Q: 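I have a structure here, written as structure tokens, and I will follow up with some questions on it.
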Amino acid sequence: MVSYKELGFVNTKEMFKDAMEKGYAIPAYNFNNMEQLQAIITACTLTQSPVILQVSKGARKYANQTLLRWMAQGAVELMKEIASESGLKEIPIALHLDHGDSFELCKSCIETGFSSVMIDGSHLPYEENVEITAKVVEYAHKYDVSVEGELGVLAGIEEDVKAEKSIYTNPDDVEDFVKSTGVDSLAIAIGTSHGAYKFKVKPGEQPPPLRFDILEEVEKRIPGFPIVLHGASSVLQEYVEMINKYGGDLSGAVGVPEDQLRKAAQSAVCKINIDSDGRLAMTAKVREILWTQPAEFDPRKYLGPAREELINMYMRKNREVLGSANRVY
Ligand code: 13P
């Protein structure tokens with residue numbers, strides 16, 4: 001058993017308390033490889049934003065769960081180095097399992113240094129969702145690890161998580177779910193979705209607005225309780241255009257407009273999950289370089305600039321979308 005506290009991580013309790021009080025959201029950025037991790041840590045330290053490092057089951061498989069844990073531990077040291085070199089404060093970092101699909105997976109993450117886990121029983125019948133979530137909470141809380149549950153189903157595809165249609169969260173369920181399970185935060189479905197194709201819109205048309213009426217109802221039923229938004233990438237069109245220009249094909253890729261997320265961040269939404277935007281920024285830059293410099297074969301020459309692109313994007317998101325910059329408490 002490795003405790004996250006020994007590795008320098010924090011759970012999400014203080015993060016959410018501060019975010020709730022001050023009306024911003026903590027960025028939850030996914031990573032699978034070194035460059036993404038370096039970019040997240042650099043951007044969040046330089047903007048002085050607390051951060052949740054998200055690891056999915058697929059990322060654990062891709063990068064190897066042992067290596068990933070050491071990478072995450074190394075990230076804490078990297079953060080300290082950047083902070084000290086720039087005369088900045090150290091930032092709180094949580095290591096979170098994204099979309100845990102079993103008790104065993106959550107337990108394994110808790111035992112290897114995660115400070116927060118999500119148990120996603122949203123596809124299960126309500127009673128079964130309550131049951132599995134409560135079981136994870138009981139185990140996690142013994143080690144002071146935070147637990148995120150989910151009610152409602154997001155459409156879209158994200159690794160093993162697939163759904164054709166979204167089912168909005170029913171505000172009538174949230175109070176009972178939170179009480180019966182003891183979760184520390186709740187992911188809800190208000191119109192966001194996973195992946196790069198969130199909405200079917202005609203060129204020039206705006207995607208439908210998020211269902212802020214549902215969010216408000218939820219807030220009324222569980223006042224002051226931290227809410228999580230999954231599927232919150234904006235699918236930045238500059239990257240979609242770059243990808244298409246340099247040999248890719250992502251026609252029709254659309255995300256959640258950033259002004260909608262800004263509004264959500266000012267409410268009880270305390271955690272905003274962003275993965276696809278990072279993938280798109282990285283792919284766009286790599287494509288541009290390989291297309292315009294066909295003789296280049298040193299991975300540092302395309303992954304390095306891709307990492308810079310990611311740093312700039314995350315810094316801007318922290319400052320302009322999540323409102324998490326300069327929030328080190
Ligand atoms: P996006 O696909 O919108 O980035 O969502 C990521 C997510 O919700 C991770 O859990």
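Please read these numbers as outputs of a predicted model, since none were measured by experiment. All ligand and atom numbering here is 1-based and tracks the order in the structure.
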Q: Would you call the rings of H230 and H194 parallel, tilted or perpendicular, taking 30° and 60° as the class edges?
A: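 Aromatic pair H230/H194 classed perpendicular.
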Q: Looking only at the side chains, is there a donor atom on one of D173 and T169 sitting less than 3.5 Å from an acceptor on the other?
A: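 Short answer, no.
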Q: Residues in ring-ring contact (aromatic ring centres under 6.0 Å, His included) with F9, at least two apart?
A: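 Per chain and number, F9 pairs via ring-ring contact (aromatic ring centres under 6.0 Å, His included) with no residue.
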Q: Which atoms of ligand 1 are found less than 4.0 Å from any heavy atom of S276?
A: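 Heavy-atom distances to S276 below 4.0 Å select 1 (P), 2 (O), 4 (O).
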Q: On the six-membered ring of Y302, is K285 placed so that its NZ or CZ lies under 6.0 angstrom from the centre and within 45° of the ring axis?
A: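 Judged by the rule, K285 and Y302 form no cation-pi pair.
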Q: Please could you name the atoms of ligand 1 that H230 approaches to less than 4.0 Å, counting only its heavy atoms?
A: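 Every atom of ligand 1 under 4.0 Å from some heavy atom of H230: 8 (O), 10 (O).
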Q: So, is I274 polar-close to ligand 1, with some N/O to N/O distance under 3.5 Å?
A: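 Between I274 and ligand 1 (N or O atoms, distance only) the closest approach is not under 3.5 Å.
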Q: Under 4.0 Å from a heavy atom of H99: give me the atoms of ligand 1 that qualify, with their elements.
A: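 Atoms satisfying the 4.0 Å criterion: 10 (O).
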Q: Using a 4.0 Å cut-off to any heavy atom of A232, which atoms of ligand 1 qualify?
A: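 Going through ligand 1 atom by atom, the ones under 4.0 Å from A232 are 3 (O), 5 (O).
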Q: Considering both backbone and side-chain atoms of D275, is one of its nitrogen or oxygen atoms within less than 3.5 Å of a nitrogen or oxygen in ligand 1?
A: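 By distance alone, the answer is yes.
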Q: Got an N/O contact under 3.5 Å between D277 and ligand 1?
A: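 No, D277 has no N/O under 3.5 Å of an N/O on ligand 1.
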Q: Are the aromatic rings of Y4 and F114 close, with centres under 6.0 Å apart?
A: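 No, too far apart.
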Q: Mark up the atoms of ligand 1 that fall under 4.0 Å of a heavy atom belonging to K198, in ascending order.
A: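 Listed by number with element, the hits are 1 (P), 2 (O), 3 (O).
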Q: Please determine if E131 and K135 form a salt bridge, counting it only when a charged side-chain N lies under 4.0 Å from a carboxylate O.
A: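 The answer is no: the pair does not qualify as a salt bridge.
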Q: Within ligand 1, which atoms have a heavy atom of H194 less than 4.0 Å away?
A: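 With H194 as reference, the close atoms of ligand 1 come out as 2 (O), 5 (O), 7 (C), 8 (O).
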Q: Please enumerate all residues that pass ring-ring contact (aromatic ring centres under 6.0 Å, His included) together with F177, with sequence neighbours excluded.
A: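 For F177, no residue satisfies ring-ring contact (aromatic ring centres under 6.0 Å, His included) once neighbours in sequence are set aside.
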